[in-house]
Visitor: 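Pasting a structure below so you can have a look.
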Amino acid sequence: EELLALLAGQKNPENLSKTYILKNDIVLTSPWTIVGIAPNEDEGIVGVPFTGVFDGKGHTISGLEMPGGGWNKAIFGMIGETGIVKNVKFSGAIEANAWSGVIAVNNSGLVENIIVDMVMYAYAGNAGAILEHNVGTVRNIIVTGRVATDGTTNVGLFATNNGTVENIFANAETVNTLNLTAVGQVVDTNGFIISAELFNLGSTYAALDTTIWNVTETGVPTLKVQE
């Protein structure tokens, strides 16, 4: 938990370039503060990216809560081109007015091998169940959470995506959207959002690395704890 205390709210570029490794599951008891600074063109904010490595080693961070309104809310504000976030399960809830995501507001780096067990609630939409804006690489993601709004349908797995996305698995019955991206309400045609039956079938996850994932004949894969 000391590691997360150092990372949460961190805005120092030097500290944001370091490697962070989880050694155990963590249950947070206070609201999360975004890592780095998300860019905002409207306000002239360039942003301060996370350029290091965050390796969860298969552990879970639960109690990730970001209540209240606001925009550009996520666990990480900005993942830079050299930034890597991997091997972790995130569990909790984020509440925003609009334009938000779960893992990051902006991703230009690598996000992989993550279970997203989060509720992303954005009153006016333009939010992503995985992250907000992606221009990097996102792969091997299992979404057990959901994205929701106040009656609008402009939500998706991402708000926008101009990057590389592969091996995404989301349960159509629970994720609360059929859209790949919220902007333009672009429906997923990649087979990322799948039926509950397929979501709970081991063969669906044949592309996952079994040195990182526990894949069984039935049920949703879990992350293996790495030594």
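Excluded from the calculations below are hydrogen atoms, water molecules and symmetry mates; all remaining heavy atoms, backbone and side chain alike, are included.
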Visitor: For residues F50 and F76, establish whether the separation of their ring centroids is below 6.0 Å.
Guide: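 Ring-ring flag for F50/F76: true, centres closer than 6.0 Å.
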Visitor: Would you say that D188 contacts N179 through its side chain, given a criterion of any heavy-atom pair below 4.5 Å between the two side chains?
Guide: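 SC-SC contact between D188 and N179 ruled out.
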Visitor: If you define the side chain from C-beta out and look only at heavy atoms, does anything of T60 sit under 4.5 Å from V88?
Guide: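 Counting from C-beta outward, T60 and V88 never come under 4.5 Å.
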Visitor: Under 3.5 Å, side-chain donor or acceptor atoms of residues 220-227 against the rest of the protein: list the pairs with distances, not counting sequence neighbours.
Guide:
residue : atom : partner : partner atom : Å
T222    : OG1  : N214    : ND2          : 3.2
K224    : NZ   : T210    : O            : 2.5
Q226    : NE2  : T211    : O            : 3.2
Q226    : NE2  : K224    : O            : 3.3

Visitor: Check whether any side-chain heavy atom of L64 sits under 4.5 Å from a side-chain heavy atom of S91, and report yes or no.
Guide: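 When only atoms from C-beta onward are counted, S91 and L64 do not touch, as no gap falls below 4.5 Å.
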Visitor: Can you tell me if H59 and D25 form a side-chain donor-acceptor pair at under 3.5 Å?
Guide: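 The answer is yes; a qualifying pair exists.
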Visitor: Does the N140 side chain pair with the main chain of N87, one donor and one acceptor, at a distance under 3.5 Å?
Guide: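 Flag not set: sc N140 to bb N87 has no pair under 3.5 Å.
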Visitor: The test is side-chain hydrogen bond (donor to acceptor under 3.5 Å, both in side chains); show your working for Q185 and T153 and say whether it passes.
Guide: CA-CA 7 Å; Q185 298 184 50; T153 56; 2.6 Å; yes
Visitor: So, applying side-chain contact (heavy atoms from CB on, under 4.5 Å) with I130, which one of I114, V175, N107, V143 is it?
Guide: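 The side-chain contact (heavy atoms from CB on, under 4.5 Å) with I130 is passed solely by V143 among I114, V175, N107, V143.
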Visitor: Just jot down the salt bridge (charged side-chain N to carboxylate O under 4.0 Å, His left out) partners of K57, sequence neighbours excluded, or say none.
Guide: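 With neighbours one apart ignored, the set is D55.
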Visitor: Looking only at the aromatic ring of each residue, does the gap between the centers of F192 and F169 stay below 6.0 angstrom?
Guide: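 Centroid separation for F169 and F192: 6.0 Å or greater.
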Visitor: The criterion is salt bridge (charged side-chain N to carboxylate O under 4.0 Å, His left out); which residues satisfy it with D117, sequence neighbours excluded?
Guide: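 Counting only residues at least two positions away or on another chain, D117 forms no salt bridge (charged side-chain N to carboxylate O under 4.0 Å, His left out).
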